[in-house]
Engineer: 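I'd like to ask some things about the structure below.
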Amino acid sequence: MPFIPRQEPFLCEHCGAKVQPIEHGSCRNHCPLCLWSKHVDDQGPGDRASTCGGLMEPVGVDFRGPKGWMIVHRCVTCGKSITNKCAPDDDQAKIATLHP
Ligand SMILES: [Zn+2]
Ligand SMILES: [Zn+2]
């Protein structure tokens, strides 16, 4: 499995989109078009400690106060759930479909 650099463009392994990094601020770990991610973190965002490498399906959203909306991802390979902050250019219509 290829390593995903934090601030480099990457190809989404779910929809094939070429994903550009966010210019200012936090690292992007999911595709803004289909919202799928990849299981590379173990304990927290950006630690890149997981050896799983499975694709992570967006399964829901969660409101976390000052952090705003978080996307809940579940790994299709191992079943682990990780929440990630939404990026400003995420597809808002897709996020809306994840609301309870
Ligand atoms: Zn995608
Ligand atoms: Zn996994």
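Along the sequence shown, the residues carry numbers beginning at 1. Since this is a predicted model, take the numbers as computed values, not measurements. Each ligand, and each atom within it, is numbered from 1 in the order the structure gives.
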Engineer: Output, by chain and residue number, all protein N/O/S atoms separated from the Zn ion (ligand 2) by less than 2.8 Å.
Structural biologist: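 Listed by chain and number, the atoms are His39 ND1, Cys52 SG, Cys75 SG, Cys78 SG.
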Engineer: In Å, rounded to the nearest 0.5 Å, how long is the span from OG of Ser50 to CE of Met56?
Structural biologist: 8.5 Å
Engineer: How long is the span from the NE2 atom in His39 to the OG1 atom in Thr51, to the nearest 0.5 Å?
Structural biologist: 8.5 Å
Engineer: Taking side chain as C-beta onward, heavy atoms only, is Lys38 less than 4.5 Å from Glu13?
Structural biologist: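 Yes. Closest side-chain heavy atoms under 4.5 Å.
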Engineer: Going by heavy atoms in the side chains, are His73 and Asn84 under 4.5 Å from each other?
Structural biologist: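 A side-chain contact under 4.5 Å exists here.
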Engineer: Between Arg74 and Gly79, which heavy-atom pair has the shortest distance, and what is it?
Structural biologist: CG-O, 3.6 Å
Engineer: Test Leu98 against every option in Val72, Val59, Ile71 by the side-chain contact (heavy atoms from CB on, under 4.5 Å) rule and name the one that passes.
Structural biologist: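 Option passing the side-chain contact (heavy atoms from CB on, under 4.5 Å) with Leu98: Ile71.
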Engineer: So what's near the Zn ion (ligand 1), protein N, O or S atoms under 2.8 Å?
Structural biologist: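 Correct list: Cys12 SG, Cys15 SG, Cys31 SG, Cys34 SG.
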Engineer: Roughly how far, to the nearest 0.5 Å, is SG of Cys86 from CD of Gln92?
Structural biologist: 7.0 Å
Engineer: Do Val61 and Met70 have side chains that approach each other closer than 4.5 Å (heavy atoms only, starting at C-beta)?
Structural biologist: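 No - every pair of side-chain heavy atoms lies 4.5 Å or more apart.
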Engineer: Working to the nearest 0.5 Å, report the span between CG of Asp89 and CD of Gln20.
Structural biologist: 10.0 Å
